[in-house]
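Report on the following structure.
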Amino acid sequence: MRPGSKLKRFLFRYSLVPPHRWRPAATVLVAVIFGLGLYLLRLSNAASYLSDDPQACVNCHIMTPQYITWNHSSHREVAHCNDCHVPHNNVLNKYFFKAKDGLYHASVFTARAEPEVIKARGPSIEVIQNNCIRCHESQVTDARMLGFTADHFENRTDRTCWECHREVPHGRVKSLSATGHQIEPIRAHAPEDLSIVPPWLETIMNKNDP
Amino acid sequence: MKNWILFGITVVVVFLLAMLGYTIMDRKTEARFAYQPTVQLEGIEPRDSVWGLNYPRQYQSYQKTADTTFSSLYNTSGSRDVLEDNPEMVILWAGYGFSKDYSHPRGHSYAVEDIRETLRTGAPMEAGEGPMPSTCWTCKSPDVPRLMKEMGVSEYYSQKFSDLGSEVINPIGCADCHNPETMNLTITRPALIEAYEAMGKDINQASHQEMRSLVCAQCHVEYYFDKDKEDAPQAQYLTFPWKEGMDVEAVTQYYDAIDFADWVHPLSKARMLKAQHPDYEIYSLGVHAKRGVSCADCHMPYKSEGGQKFTDHHIGSPLSNVENSCFVCHREKISDLVTDVYERQRKIKEGTSYLQRQLAKAHIEAAKAWELGATEQDMKEILTGIRHAQWRWDYSVASHGAAFHAPLETSRIVTSATGIIQETRISLTRLLAALGHPEPVEMPDFTDKSALQAYIGLDMEAEKAAKEEFLEEVVPKWLKEGKKRESQMETASVIGR
């Protein structure tokens with residue numbers, strides 16, 4: 001049996017195959033839907049979500065406070081959004097979780113149902129906590145700490161890291177209006193020329209050079 | 001019937017897809033306006049108050065550079081007369097502006113005010129008069145890149161200080177270090193770019209962390225005014241002597257090779273060099289630079305207000321803000337950290353205080369030798385010794401932070417300078433003895449600034465009176481003209497569009 005013939009039989013049974021006369025029109029119609037879908041993928045910058053680039057997370061401006069607070073934190077140099085916010089136990093789980101969380105975000109955003117203050121939800125909390133441990137394992141399991149830190153074992157197993165490390169990395173105040181006018185321009189809205197020497201000076205100096 | 005259902009479903013799907021498409025576009029547009037500045041910064045905007053409308057936190061913290069209350073062991077954010085504290089400096093700089101007036105620099109906010117008020121810039125009553133070139137303004141104001149853009153760089157360097165009095169009225173500010181479109185750090189002074197080119201490096205390759213020091217290195221460096229530049233014969237062209245390297249030996253070699261002298265000392269007749277403030281060069285030889293710490297990390301540490309963490313633009317001594325600067329890496333007691341700094345400064349000052357006294361004596365002894373009939377030949381090596389020793393002394397003290405930025409390097413420079421001047425004084429003693437003067441040369445009172453200024457022939461009363469007249473008559477005119485010019489500048493508001 002040729003692949004696809006099952007689909008064909010299904011289409012025939014429910015009379016979903018248009019009569020000959022209508023086939024070109026139907027093809028065009030279906031293609032319109034596909035084309036529109038493709039355009040939406042491009043418009044929403046969907047491919048960027050496959051990457052680990054933090055700029056993808058500010059495709060929606062709702063995440064700007066999170067982006068800017070991270071961008072001013074010590075984690076900027078060592079961890080990107082995905083290092084903390086998606087699981088890293090295996091690749092499939094990573095993309096599954098990312099898709100799940102991402103579609104949830106997208107639906108909330110599209111419905112304009114976003115809260116003023118964004119907080120991590122249950123599954124996300126678990127992922128973040130595991131990622132703290134993933135990098136800081138040697139610190140949190142250091143046997144010497146047991147000796148001179150009171151309740152070290154309980155403190156590192158019964159609660160999340162950020163119950164104490166509250167400023168890490170986004171700070172304590174992070175509502176939609178908390179960060180004001182962005183200082184670091186998001187790439188999508190920044191001019192392309194980011195050279196250090198301003199163009200006017202470059203021009204004058206080149207004129208002086210024979 | 002089925003076909004009608006299919007038709008209906010397709011209509012609904014396309015309708016929803018189009019709606020989704022519309023909301024995506026809608027929210028993308030919204031993103032452009034969600035975090036919107038108040039004004040559009042166009043070209044080189046020299047007025048910080050305009051930038052401040054967009055960046056109130058940075059602007060307000062920067063305004064605090066007007067605070068002059070902080071003092072550490074030897075330095076202050078206010079004005080303190082250095083000559084009063086070290087009167088022998090009057091002898092070291094005889095014949096040069098610094099013997100008239102030298103005070104601790106106040107905060108960035110006073111840059112323009114201080115240069116107008118110091119006796120070193122004279123009292124030019126008319127445009128085109130006075131001792132100083134326009135180049136003196138270069139580090140004082142964001143009006144300078146504006147003028148360079150309007151006039152051209154060489155043309156800017158070819159004026160007199162007094163020609164630009166009404167043009168340069170805003171103290172060092174936002175536009176000196178920031179790109180108005182992106183807020184990224186930028187280099188607006190050609191001298192640093194040219195110095196990089198001279199060293200065979202490309203400043204465009206600098207990382208963000210390097211830029212956090214390089215914007216400071218536009219000004220906080222050793223420099224001189226090149227009067228023999230081929231393509232700019234009228235100019236006093238601001239140049240950094242970095243071609244052979246950035247350490248004190250390389251720079252000495254550079255100056256000796258072109259036989260450069262800032263002035264000829266009237267007592268010893270030595271061709272002297274005045275070190276400016278090689279903060280960046282000396283810092284780069286210290287342990288903090290080696291560990292990748294930038295100027296801004298200590299002098300402009302991060303600060304939080306509400307949900308916004310931002311760079312504190314109150315640039316000043318980290319000792320006034322130990323918790324935010326040192327504590328990031330050093331979890332010690334504040335008093336311990338401060339003591340560590342003071343200890344380095346105190347120990348190096350022991351060396352420099354001794355050294356400057358020796359230098360002053362050498363100048364006076366050399367003057368005596370000339371008086372007794374010494375020949376050029378006799379004096380040649382002695383004068384080179386005085387030139388090199390005083391240059392090294394100056395290089396180690398002129399940047400007020402050297403003793404902490406790189407204690408070992410600074411101490412090495414002081415030691416070598418002490419060696420050079422002692423050798424020179426031994427030669428001088430021999431020469432004086434040969435000229436029939438075996439006893440010690442009579443010295444003035446090194447503890448009295450005014451007596452020493454009289455000794456080198458300065459008429460301080462006249463200098464001060466001329467300055468006062470200049471400040472009362474000329475400066476208000478400059479300010480009035482400048483304000484009038486600025487009142488015609490337009491500010492583009494974003495809100496209204």
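Being a predicted model, the structure only gives us computed values, none of them experimental. Every chain is numbered from 1 and lettered A, B, ... according to where its sequence line falls, protein lines coming before strand lines.
- Checked for salt-bridge contact, B:Lys303 and B:Glu323 miss the test: no charged N lies under 4.0 Å from a carboxylate O.
- Salt-bridge check for B:Arg27 with A:Glu114: passed, with a basic side-chain N closer than 4.0 Å to an acidic carboxylate O.
- Taking the ring centre of B:Tyr302 as origin, the terminal cationic atom of B:Arg212 falls inside the region bounded by 6.0 Å and 45° from the ring axis.
- For the pair B:Asp143 and B:Arg146, the salt-bridge criterion is met [side-chain N within less than 4.0 Å of a carboxylate O].
- Note on B:Glu30, B:Met25, B:Gln205: by heavy-atom pairs under 4.5 Å with chain A, the leading option is B:Glu30.
- Taking chain A as the reference chain and counting heavy-atom pairs below 4.5 Å, the highest number among B:Leu17, B:Thr23, B:Leu20 is found for B:Leu17.
- Using cut-offs of 30° and 60° for the angle between ring planes, the B:Trp242 and B:Phe240 rings count as tilted.
- For B:Met211, the part lying under 4.5 angstrom from a heavy atom of chain A is the side chain only.
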Derivation and outcome, side chain to side chain contact (heavy atoms under 4.5 Å, CB included), residues B:Leu53 and B:Tyr59: CA-CA 8 Å; B:Leu53 296 170; B:Tyr59 172 59; over 6 Å; no
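- Heavy atoms of A:Ser44 lying under 4.5 Å from chain B belong to its backbone as well as its side chain.
- Both the backbone and the side chain of A:Leu43 come within less than 4.5 Å of a heavy atom in chain B.
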Stepwise salt bridge (charged side-chain N to carboxylate O under 4.0 Å, His left out) check, B:Arg57 with B:Asp312: CA-CA 8 Å; B:Arg57 289 183 167 94; B:Asp312 187 349; over 6 Å; no
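- Chain B forms the most heavy-atom pairs under 4.5 Å with one residue out of A:His170, A:Glu167, A:Arg172, A:Arg112, and that residue is A:Arg112.
- There is a side-chain donor-acceptor pair under 3.5 Å between B:Gln209 and B:Asp297.
- When B:Val14, B:Leu214, B:Ile193, B:Ile203 are compared by the number of non-hydrogen pairs under 4.5 Å with chain A, B:Ile193 comes out ahead.
- The candidate from A:Trp22, A:Tyr39, A:Phe109 with the greatest count of non-hydrogen atom pairs under 4.5 Å with chain B is A:Phe109.
- Using a 4.5 Å cut-off between heavy atoms, B:Leu192 does not touch chain A at all.
- Interface remark: B:Pro56 contributes no atoms to any contact with chain A (heavy atom separation under 4.5 Å).
- Heavy-atom distances place no part of B:Ala232 under 4.5 Å from chain A, backbone and side chain included.
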